[in-house]
Student: 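First, the structure itself, so that you have it in front of you.
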Amino acid sequence: MPEGHSVHRLARQLDDVFAGHRLRVSSPQGRFAAGAALLDGRELLTTDAHGKQLFAHFAGGHVLRVHLGLYGAFSFGGDETFRGASSIGAPRRIGEREAYDDGTEAAYEGPPEPVGQVRARLVSEHGWADLRGASVCEVLSIPETDSVRARLGPDPLAPGTPASGRDEFVRRIGATGTVIAAALMNQSLVAGVGNIYRAESLFRAGLDPWARGRDIPQARLAALWDDICALMADGVRDGHIITTRPGDRRAHQGPVWPDHAYYTYQRQGMPCLLCRTPIGLAELSARKLYWCPGCQAATRTA
DNA sequence: CTAGCATGATCAC
DNA sequence: TGATCCTGCTAGC
């Protein structure tokens, strides 16, 4: 999926184009028919994100909860008020570049015939949004959304970060006996970090991925949190993930994306950009973990 | 053209 | 730990 930064961008996009409008909500595919009926004709009030969870608040206390899972995505279309994004979610290409309309087509004349499995379709007088491939798409009450949020750790993209959330992050990660690389993927400990930010933030912190949370000095956990907050805020701003520092991308000419956008992610076997040690690859709880055995040696963590 | 894989998470065993 | 959800890109034939 789309890590947390994509979901926050999506929340902002939905807010920009739909908040304050009454929407027609449907499920062309059918799997969301009952939920769509609950929302159809209601005004969308606000949309927000907590980690990888999206919450769209409709009038009447109905909340659309979406989790994109591994390959969910929204696509958008409409008049000039919809210009700027046509797809947010699972990446269309490696590097997470989003596709944009060129703005040259004819006037907006309503949503197209649904193509493929459209789980949910939102339509205003100005445009439409189609959701496909999501792992969760359901309508909850406000108390139900509160209980979902209560199970999530601090979000590096919440307002007020990095100061807010830092103590909770250090407390939760510092109390776990599981290895830091697994802990960062546990949404109840920190919400929004995925496989790329996990690998890249550990590299930038020089942390051994197999160090247990409770064995890492608290100051290093605090610094890790601050760096994750900065990286993810960049991701929201840019629309894709770049974790290399400018001086470390020097081998590449032109736009930084996609070459050398990452230090370790999907660079297994290639020389580390800093120490030339071949990047390693391991399986950790059914996900691929990338790290530099040179820069992230166990002796560097303590 | 198809098989395999992907920035995720849950559930059964 | 493995199957599942079930999209879309990509490498390879």
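Below, chains carry the letters A, B, ... as their sequence lines are ordered, and counting in each starts from 1.
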Student: Walk me through whether A/Glu144 and A/Val63 qualify under side chain to side chain contact (heavy atoms under 4.5 Å, CB included).
Tutor: CA-CA 9 Å; A/Glu144 286 170 331; A/Val63 182; over 6 Å; no

Student: Side chain of A/Lys288, heavy atoms from C-beta onward: which of C/dT7, B/dA6, B/dG8 has the nearest atom to it?
Tutor: B/dA6

Student: Looking at A/Phe55, is A/Arg149 sitting on its ring face, NZ or CZ under 6.0 Å from the six-membered ring centre and within 45 degrees of the normal?
Tutor: yes

Student: Under the criterion side chain to side chain contact (heavy atoms under 4.5 Å, CB included), which of A/Leu202, A/Ile196, A/Thr264 is the partner of A/Tyr290?
Tutor: A/Thr264

Student: Salt bridge check, A/Arg172 against A/Glu168: does any charged N sit closer than 4.0 Å to a carboxylate O?
Tutor: yes

Student: Between atom CG in A/Leu131 and atom P in C/dT7, what is the gap in whole Å?
Tutor: 11 Å

Student: Distance check needed: C/dG2 P versus A/Leu284 CG, whole Å only.
Tutor: 14 Å

Student: Using whole Å, report how far CG of A/Leu70 lies from C1' of B/dA6.
Tutor: 5 Å

Student: Taking NE2 from A/His5 and C1' from B/dT7, how many angstroms apart are they, rounded to a whole number?
Tutor: 8 Å

Student: Does A/Tyr265 put a side-chain nitrogen or oxygen below 4.0 Å from OP1 or OP2 of B/dT7?
Tutor: yes

Student: Using whole Å, what does the distance between atom C1' of nucleotide B/dA6 and atom CD of A/Glu283 come to?
Tutor: 13 Å

Student: Answer yes or no: does a side-chain N or O of A/His67 lie under 4.0 Å from OP1 or OP2 of B/dG8?
Tutor: no

Student: Return the nearest nucleotide to the side chain of A/Glu3; candidates are B/dG8, C/dT7, B/dA6.
Tutor: B/dG8

Student: Nearest whole angstrom, please: distance from the P of B/dA6 to the OH of A/Tyr262.
Tutor: 13 Å

Student: Any side-chain hydrogen bond (donor to acceptor under 3.5 Å, both in side chains) pairs touching residues 217-226 of chain A, not counting sequence neighbours?
Tutor: A/Arg166-A/Asp226

Student: Quick one: A/Leu68 CG to C/dT7 P, roughly how many Å, whole number?
Tutor: 14 Å

Student: Please report the distance separating the P of C/dA3 from the corresponding atom of B/dC5, rounded so that it comes out in whole Å.
Tutor: 14 Å

Student: Look at the rings of A/Phe76 and A/Phe18 and say which category their plane angle falls in: under 30° parallel, 30 to 60° tilted, over 60° perpendicular.
Tutor: tilted

Student: Is there a residue in residues 184-202 of chain A whose heavy atoms reach under 4.0 Å of DNA chain C, and which residues are they?
Tutor: none

Student: Is there a side-chain contact between A/Lys52 and the phosphate of B/dT7, meaning an N or O under 4.0 Å from OP1 or OP2?
Tutor: no

Student: Does B/dT7 have its OP1 or OP2 closer than 4.0 Å to a side-chain nitrogen or oxygen of A/Arg287?
Tutor: yes

Student: Measuring from the side chain of A/Arg132 (C-beta onward, heavy atoms only), which nucleotide among C/dG8, B/dT7, B/dA9 has the closest atom?
Tutor: C/dG8

Student: Pair A/Asp15, A/Thr46 - check side chain to side chain contact (heavy atoms under 4.5 Å, CB included), show working.
Tutor: CA-CA 6 Å; A/Asp15 237 24; A/Thr46 63; 4.3 Å; yes

Student: If we take the C1' atom in both B/dT10 and C/dG8, what is their distance in whole Å?
Tutor: 22 Å

Student: Report the distance from atom CG of A/Leu10 to atom C1' of B/dT7, rounded to the nearest whole Å.
Tutor: 15 Å

